[in-house]
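Okay, structure first, notes after.
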Number of protein chains: 2
Amino acid sequence: MNIGQASKTTGVSERMIRHYERVGLMPPPDRRDNGYRDYSPQSVERLRFIANARDLGFSLEEIATLLGLWDDRERTSSEVKTVALAHAEDLGRKAAALEAMRSALLDLAEGCSGDNRPDCPILSGLAERRPR
Amino acid sequence: MNIGQASKTTGVSERMIRHYERVGLMPPPDRRDNGYRDYSPQSVERLRFIANARDLGFSLEEIATLLGLWDDRERTSSEVKTVALAHAEDLGRKAAALEAMRSALLDLAEGCSGDNRPDCPILSGLAERRPR
DNA sequence: ATCAACCTTGACATCATGTCAGGGTCAAGA
DNA sequence: TCTTGACCCTGACATGATGTCAAGGTTGAT
């Protein structure tokens, strides 16, 4: 299967398929006589694994770890679970941080009349000195 | 005030102070005879504005807009509020996306025994074809 | 005079991804 | 057979916000 087809069936752009190869997430595929990459069903499955992991917010580095475990028949499920739960915690922290920003911003905006006068507590709030 | 002092009192790194100047968020400061940047209290206040806005997750581009409004005595508070609320919505969307990832990941991890056997629904889940 | 702590500019690195340039290849229709 | 359009190749530059390093000039205190 050519790279275009692999891209279509996995939703991974050709650019990123080549990138994953370069950084070692994907093994160098077979090449046809003309130099075109030729992907096996196994490679496509691996691409899908990467795409799914990206959709769950894993970094390429974390995905390298997951692929290593996937490839390793001696892995223990606890190793996998550890990586997954650590990432879930990370996601939770990041979501909470964004929510905290949102809440602080809404607090500021609450006092803003939003009419055509220039006075605005949002701007004055942003200009104030804040702890750290 | 030298850049080091400005950095200390605002918490903005020297690197970023120079960067904000380069991209036009900060006006070019006065220079001493030796070429050192010399910051006025007004400049320091502007730096603090930027730092606070960054803490609320505004991009430098959004901050440019906010600074433009801050500088403009003819602004209306509704212009400011519009920018702020749009960003709050953005933050909410991003937080929700992270939470959705987290929840999907925890769903996967729930079925994983986390012991020393190799079977792991997290890995098989990641390998499955998913609607994208 | 020396030394540490400043300051200067410039360049390279990060991370995941897009896009473009300048080519080669292939298949189908005229 | 020639052309056309859809593929494919590599390499390079861009993004955003930030860090870090290099190589040099300045200042202030001993």
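Keep in mind it's a predicted model, so treat the numbers as computed, not measured. Labels below follow one simple rule: chain letters A, B, ... track the order of the sequence lines, proteins then strands, and each chain is numbered from 1. Any value given below was found using the heavy atoms of this structure, including those in side chains, with hydrogens, waters and symmetry copies removed.
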Checklist entry - Is it the case that more than 12 heavy atoms not belonging to A:Arg22 sit under 6.0 Å from its CZ atom? => result no
Next on the checklist: Taking any heavy-atom pair under 4.0 Å as a contact, classify A:Arg18: base, sugar-phosphate, or nothing.
Outcome noted: base
Checklist entry - Using a cut-off of 4.0 Å on non-hydrogen atoms, how would the nucleic acid contact of A:Tyr20 be classed: base, sugar-phosphate, or nothing? => result sugar-phosphate
Checklist entry - What is the minimum heavy-atom distance between A:Ala64 and A:Leu25, and which atoms define it? => result CB-CD1, 3.9 Å
Hey, can you pull the donor-acceptor pairs under 3.5 Å for the side chains in residues 103-114 of chain B, sequence neighbours left out?
{"residue": "B:Ser113", "atom": "OG", "partner": "A:Ser77", "partner atom": "OG", "Å": "3.2"}
{"residue": "B:Ser113", "atom": "OG", "partner": "B:Asp115", "partner atom": "OD1", "Å": "3.0"}
{"residue": "B:Ser113", "atom": "OG", "partner": "B:Asp115", "partner atom": "OD2", "Å": "3.3"}

Item to check | Side-chain cluster (under 4.5 Å, hydrophobic types only) that A:Tyr36 belongs to, other residues | outcome: none
Checklist entry - Do any N or O atoms from the side chain of B:Arg130 and from the backbone of B:Gly125 form a donor-acceptor pair under 3.5 angstrom? => result yes
Checklist entry - Do any N or O atoms from the side chain of B:His87 and from the backbone of B:Glu62 form a donor-acceptor pair under 3.5 angstrom? => result no
Checklist entry - Any salt bridge between A:Arg48 and A:Glu45, counting N to O under 4.0 Å? => result no
Item to check | B:Glu21 and B:Arg18 ion-paired at < 4.0 Å | outcome: no
Checklist outcome for this item: Under a 4.0 Å heavy-atom criterion, DNA chain D is touched by chain B from D:dA17 to D:dT27
Checklist entry - Can you check whether B:Thr9 reaches B:Leu47 side chain to side chain, under 4.5 Å on heavy atoms? => result no
Next on the checklist: Pick the closest DNA chain D nucleotide for A:Gly4 and for B:Arg54 by heavy atoms, then say which residue is nearer the 5' end.
Outcome noted: A:Gly4
Checklist entry - 5' to 3' on DNA chain C, which nucleotides open and close the contacts with chain A (atom under 4.0 Å from a heavy atom)? => result C:dA16 to C:dC26
Checklist entry - Please, which pairs that meet salt bridge (Lys or Arg N to Asp or Glu O under 4.0 Å) have at least one residue in residues 79-97 of chain B, sequence neighbours excluded? => result B:Glu89-B:Arg93, B:Asp90-B:Arg93, B:Asp90-B:Lys94
Checklist entry - In residues 23-38 of chain B, which ones come under 4.0 Å of DNA chain C, going by heavy atoms? => result B:Arg31, B:Gly35, B:Tyr36, B:Arg37
